[in-house]
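Note that these values count all heavy atoms, side chains included, but never hydrogens, waters or copies made by symmetry. Here is the naming used below: chain letters follow the sequence lines, and residue numbers restart at 1 for every chain.
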Number of protein chains: 2
Amino acid sequence: MSILRTPPVAGTADPSGLPANRVAAGALPCNTCAARQFSICAPVSDADLPHFFAMSVKLRFEPRRYLFDEGDAPRYVFSIASGTVCLSKALSDGRRQITGFLFAGDFIGLAHGETCAYTAEALTPVEVCRFPRDRFERYMTEHPHVERRLLQIASTELAAAQDQMLLLGRKTATERVASFLIRLSDRAVAHGRSGNPVCLPMTRAEIGDYLGLTLETVSRTMTQLRKRGAIDLDNTSVVRLTSEETLRRLAGV
Amino acid sequence: MSILRTPPVAGTADPSGLPANRVAAGALPCNTCAARQFSICAPVSDADLPHFFAMSVKLRFEPRRYLFDEGDAPRYVFSIASGTVCLSKALSDGRRQITGFLFAGDFIGLAHGETCAYTAEALTPVEVCRFPRDRFERYMTEHPHVERRLLQIASTELAAAQDQMLLLGRKTATERVASFLIRLSDRAVAHGRSGNPVCLPMTRAEIGDYLGLTLETVSRTMTQLRKRGAIDLDNTSVVRLTSEETLRRLAGV
DNA sequence: CGAATATTTGAACTTAATCAACCGAGGTGG
DNA sequence: CCACCTCGGTTGATTAAGTTCAAATATTCG
């Protein structure tokens, strides 16, 4: 559908070269996930986790592979076990907007209609638990509290989406980049990781596609934030927030 | 909270000057709503509509009054019976982003946490059915199919939000305005009204705050669309789509 | 090491914002 | 009734923010 489409299984970009084996190797109930960091985001209580994840199989996606693409039939729901995924929508001429970055514990694919409304792409090596959509929906119908939890998740995402609209519609480049770094930091803390050296598992181009800027502007703005003493770059993908105070001020409310 | 705040009931901007009377006059169960256009958007089946709307009272808001404001405690949920409402988020210096325009049949206030995440403002005279939040949630718990319906609504809104992110992050001014007009037209059709002479019950400034543009750019872009033969302005708030073909092309996929 | 990829920086350019003037409709009060 | 005011809209001139094009540098990975 999208001109950016990469076949999700077969193709030259698959380093393993063994897609069928890959799937077979991962085709085990994803019980292990339950023991990990899912307490934050799984839409079921701890006691139900094993039963819940028994519906899923664990799979691995290499960087730049698509979990699914805009326009695909929405056959699965995914829970990220590790790695970073981005969701995006594209225009026919290649311009695209990344609508979100997802990390371990996040769910993907809950909000589709007849076709997938966006593309989900692995930015790093990604491990997921994949749930057949029909089984997931049956489970949901049988467990109404899951529906309520999903409604909460959807509400949170909606609030985040509105924040992002404010950022895209009204904030300057500096405010956008500062907001982005703070969000990543806060999110790391919410997931129980350290909030200060912030990891950027995405390229400048991907940050640009998320913030409605070009990769050059992202780069220039980072340099400017460094010169202003708000951040320091350990390397291009690890940012130390030297003055969170300054950074929050520059983020504009 | 927001510097744009206007008191929602008392204050000089209230033409009636009788807020208490207003509420008393409207404090009747909103059964009449059920007979109207709510089949599209109410989260309950037709048979349940009378019982559902019995929880609500009908109220009227004059233009520029706030149904609630960013940061308020979320005490109510609203269903619009008539008129136009906009939802917005503001930065402390007054810049704001309108995240959506709502019309008859739409629900407001479903997705709040501890405080309202956005402001809801009447753009025209607005009639609403107002539901106490706690009663609404109790109803929801007792009627699981309502939760499922709300999840669908939230999913739809999420998809719309992602579309808007693409618009704000990556589309040109022309594409934004063209997309906006098409959306309004499609939405009117979905609500069973005519899609062609499109009514704009909002000012150029409000359109700008929705599209991430200034009012001048919105105005210039409209004249440009007129000169290109895509639209015609009957008056400033009624747009005829003379070539929907052209308009859709200019909207950029 | 060397090719490919990612990042930074510079210079020219473009789009939309800003500042400003003007027009027209509607409402108010003398 | 009419002068006046306000508000919303249009249009013009100028400016600024960010994009585009281009080149140099850094990093990664086989």
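Between the CG atom of Leu123(B) and the C1' atom of dG8(D) there is a distance of 14 Å, rounded to whole Å. Counting to the nearest Å, the C1' atom of dG9(D) and the CG atom of Leu233(B) are 11 Å from each other. Atom-to-atom, CD of Gln224(A) to P of dT9(C) comes out at 12 Å; the value is rounded to the nearest Å. We find that CG of Leu215(A) is positioned 10 Å from P of dA6(C), with the value rounded to whole Å. Protein atom CG of Leu225(A) is 15 Å distant from nucleotide atom C1' of dT8(C), rounded to whole Å. Between the NZ atom of Lys227(A) and the C1' atom of dT8(C) there is a distance of 10 Å, rounded to whole Å. If you take CZ of Arg64(B) and P of dC7(D), they are 11 Å apart, rounded to a whole angstrom. Leu211(B) places its CG atom 18 Å from the P atom of dT15(C), with the value rounded to the nearest Å.
At least one donor-acceptor pair under 3.5 Å links the side chain of Thr242(B) to the backbone N or O of Ala230(B). Ser185(A) places a side-chain N or O within donor-acceptor distance of the main-chain N or O of Gly195(A), the cut-off being under 3.5 Å. Distance alone, capped at 3.5 Å, places no donor-acceptor pair between the Thr124(A) side chain and the Gly83(A) backbone. Judged purely by atom type and a 3.5 angstrom limit, Arg204(A) has no side-chain atom pairing as donor or acceptor with the backbone of Glu216(A). Side-chain N or O atoms of Thr84(A) include none that pairs as donor or acceptor with a backbone N or O of Phe103(A) at under 3.5 Å.
Pairs engaging residues 156-172 of chain A under the salt bridge (charged side-chain N to carboxylate O under 4.0 Å, His left out) rule: Asp163(A)-Lys89(B), Arg170(A)-Asp209(B) [sequence neighbours left out]. Every pair passing salt bridge (charged side-chain N to carboxylate O under 4.0 Å, His left out) that includes a residue from residues 243-253 of chain B is listed here, sequence neighbours excluded: Asp186(B)-Arg248(B), Glu244(B)-Arg248(B). Applying the salt bridge (charged side-chain N to carboxylate O under 4.0 Å, His left out) test to pairs two or more places apart or on separate chains, none has a residue in residues 190-202 of chain B.
Expressed to the nearest 0.5 Å, how far SG of Cys86(B) lies from CD of Glu206(B) amounts to 6.0 Å.
If one axis is set at each end of the helix from dC1(C)-dG30(D) to dG30(C)-dC1(D) from five pairs, those axes are 40° apart, to 10°.
Contact detail for Ile231(B) and Met222(B): the closest heavy-atom pair is CD1-O, 3.7 Å.
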One pair to check against salt bridge (charged side-chain N to carboxylate O under 4.0 Å, His left out): Arg64(A) and Glu62(A). What are the steps and the verdict?
CA-CA 6 Å; Arg64(A) 317 231 52 101; Glu62(A) 296 305 319; over 6 Å; no
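Listed by chain and residue number, Tyr210(B) satisfy the ring-ring contact (aromatic ring centres under 6.0 Å, His included) test with Phe101(B) (two or more places apart in sequence, or in another chain). Under the side-chain contact (heavy atoms from CB on, under 4.5 Å) criterion, Thr156(B) pairs with no residue, sequence neighbours left out. When the side-chain contact (heavy atoms from CB on, under 4.5 Å) test is applied to Ala120(A), the partners found at least two apart in sequence or on another chain are Leu67(A), Phe68(A), Val85(A), Leu87(A), Ile108(A). For Val238(B), the side-chain contact (heavy atoms from CB on, under 4.5 Å) partners are Pro197(B), Asp234(B), Asn235(B), not counting sequence neighbours.
Using a cut-off of 4.0 Å between Lys/Arg side-chain N and Asp/Glu carboxylate O, Glu70(B) and Arg96(B) are scored as not salt-bridged.
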Which atom pairs link the protein and nucleotides 19-21 of chain D when you take only N or O atoms and keep those under 3.5 Å?
{"residue": "dT19(D)", "atom": "OP1", "partner": "Thr214(A)", "partner atom": "N", "Å": "3.4"}
{"residue": "dT19(D)", "atom": "OP2", "partner": "Thr214(A)", "partner atom": "N", "Å": "3.4"}
{"residue": "dT19(D)", "atom": "OP2", "partner": "Thr214(A)", "partner atom": "OG1", "Å": "3.1"}
{"residue": "dT19(D)", "atom": "OP2", "partner": "Thr217(A)", "partner atom": "OG1", "Å": "2.3"}
{"residue": "dT20(D)", "atom": "O4", "partner": "Arg220(A)", "partner atom": "NH2", "Å": "2.8"}
{"residue": "dC21(D)", "atom": "N4", "partner": "Glu216(A)", "partner atom": "OE2", "Å": "3.2"}

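Contacts of residues 199-208 of chain B with DNA chain D (heavy atom under 4.0 Å): Thr203(B), Arg204(B). Contacts between residues 246-253 of chain B and DNA chain C, counted as heavy-atom distances below 4.0 Å, involve no residue at all.
Here dT7(C) is the nucleotide among dT7(C), dT11(D), dA16(C) with the atom lying nearest to any side-chain atom of Ser219(A).
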Please encode protein proximity along nucleotides 23-30 of chain D as a string of B, S and -, counting only heavy-atom distances under 4.0 Å.
--------
